[in-house]
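The block underneath contains the structure these notes are about, expressed in structure tokens.
This is a predicted model, so every value here is computed, not measured.
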Amino acid sequence: MRIGILSYHFPPEPAFIPGSLAEELATRGHEVRVLTGFPDYPGGQVYPGWRQRWRYESRSDRLRVRRVPRYPVGDGSTGARMASYLSFAGSAAVVARRFLAGVDALYVFQLPATSFAAATVLRLLGRVPTVLHVQDVWPEDDPGGDGRWGARLAAAMSRTFRAADRVAVVAPSMRDLVVAAGADPARVSVVLNWTDERIFHPARPSAEARRLVRREGRCVVMHAGTIGARQGLETAVRAAAALDRTMDLVLVGSGADERRVRGLAAELRAENVRFLERRSPVDMPDLYAAADYQLVMLRDVPELRGTVPGKLQAALSCAAPVVASAGGDTADLVERARAGLSCPPEDWASLADRFWLAATIPPPARTDMGRRGREAYLREMSLPAGVDRIERLLYDAAGVRATA
């Protein structure tokens, strides 16, 4: 097939879903054309060594990547983000008709950031068979404050849901959200995300990782990633503070809520809560292996119940047992795989109980949790399994239009 891919992010940004999908589809013999922007995530500025320009295209065997200018996100303010989303939509519209002409099917990596571009490109291309891979149904934290931008993003997403031939969602509960937003239920399938398997795999901890992570032989629960509003890490700090002689909580990363979380740890005098600066993804399996459990946190917000954060797939792929303070699909996946422990979100007393239980579980049982989690990952969430499902949806979409 000739397959087009529309994605706001693409490598060298940490966008392994569209990146690895494009590479794998090309390896399987498809001709793949990617329309994306110039890399600026997560720093908000175009990467050093890159310069935005109109005529930029890279090629390899069966894979072409066309990049178009967009307004950099900069400080991440609402205005800057909306300018970036809209400028990408305008730039994509300029080149889409020619660059994507003749594709048999179009795959859209659907984030809020892609919504305006997706709606515009689908309108320009007309009857091209389309598969949306929906990562997030609602705009992040209602950008705009008064709801104006949130409503415009939601409307753009709904238009693409209605226009798509197939819709893939990353968690079972998200299916209900996209159907409520306009998708045809018969066209919606669950395709769980995979992780970057070149990086995240079982490892043995180095002496340096042990030195950074472990202290006094206590059980270590690690949270690696964003310290932001969606995670609600204050709950984890309160839970750990209640068990100061039983376990350590190690937070690796940074984010908008880092100062508040650090302040709470200081206020509670939680000496068993430690912070490590953000690390490169390639360092993380080593740090995972030095800890006893990986912590997955999501706040108790309706739209997050249909979300599976990427750190869960990364932990399972590394055979790391998990403590999940989350509702909905995240907790269900952990419990179904018997890969760790779970409790309701934003309940520090329940999480403290899970931390205590995690510390009492003997190491061989923890190893078994990790093994079961990796088996579940390979069976349900791996790159080959995910690409198989996306490829089938692309064939189905093209077949539907071919016989319409």
* **Residues Glu346 and Arg299 bridged, charged N to O under 4.0 Å** => yes
* Asked: Where the side chain of Thr114 meets the backbone of Gln110, is there a donor-acceptor pair that is under 3.5 Å apart?
  -> no
* Sequence neighbours excluded, which residues qualify as ring pair (Phe, Tyr, Trp, His ring centres under 6.0 Å) partners of Tyr377? -> none
* To do: Flag yes if more than 12 heavy atoms outside Tyr41 fall under 6.0 Å of its OH atom; otherwise flag no.
  => no
* Asked: Backbone N or O of Arg64 within a donor-acceptor pair of the Arg66 side chain at under 3.5 Å?
  -> no
* **Trp50 and Phe38 aromatic ring geometry - parallel, tilted or perpendicular at 30°/60° bounds** => perpendicular
* Any residue meeting side chain to side chain contact (heavy atoms under 4.5 Å, CB included) with Ala119, in chain and number order, not counting sequence neighbours -> Arg159, Thr160
* Atom CZ of Arg53: over 12 foreign heavy atoms under 6.0 Å -> yes
* Close side-chain approach of Trp194 and Leu21, heavy atoms under 4.5 Å -> yes
* **Over 12 foreign heavy atoms within 6.0 Å of CD, Glu208** => yes
* Option from Asp292, Asp248, Asp244, Thr246 for which side-chain hydrogen bond (donor to acceptor under 3.5 Å, both in side chains) with Arg218 holds -> Asp248
* Asked: Is it true that Arg379 and Glu375 make a salt bridge, defined as a side-chain N closer than 4.0 Å to a carboxylate O?
  -> no
* Residues in side chain to side chain contact (heavy atoms under 4.5 Å, CB included) contact with Ala326, at least two apart in sequence or another chain -> Leu298, Thr330
* Kindly say whether Leu357 contributes a backbone atom to a donor-acceptor pair with the side chain of Thr360 at under 3.5 angstrom? => yes
* Take atom CZ in Arg28; do more than 12 heavy atoms of anything else shown fall under 6.0 Å from it? -> yes
* To do: Would you check, one step at a time, whether the test side-chain contact (heavy atoms from CB on, under 4.5 Å) holds for Val261 with Arg259?
  => CA-CA 6 Å; Val261 173; Arg259 179 176 295 182; over 6 Å; no
* Just by modelled atom types, is the Thr307 backbone N or O under 3.5 Å from a matching donor or acceptor in the Asp329 side chain? -> no
* Asked: Does CZ belonging to Arg392 count more than 12 external heavy atoms closer than 6.0 Å?
  -> yes
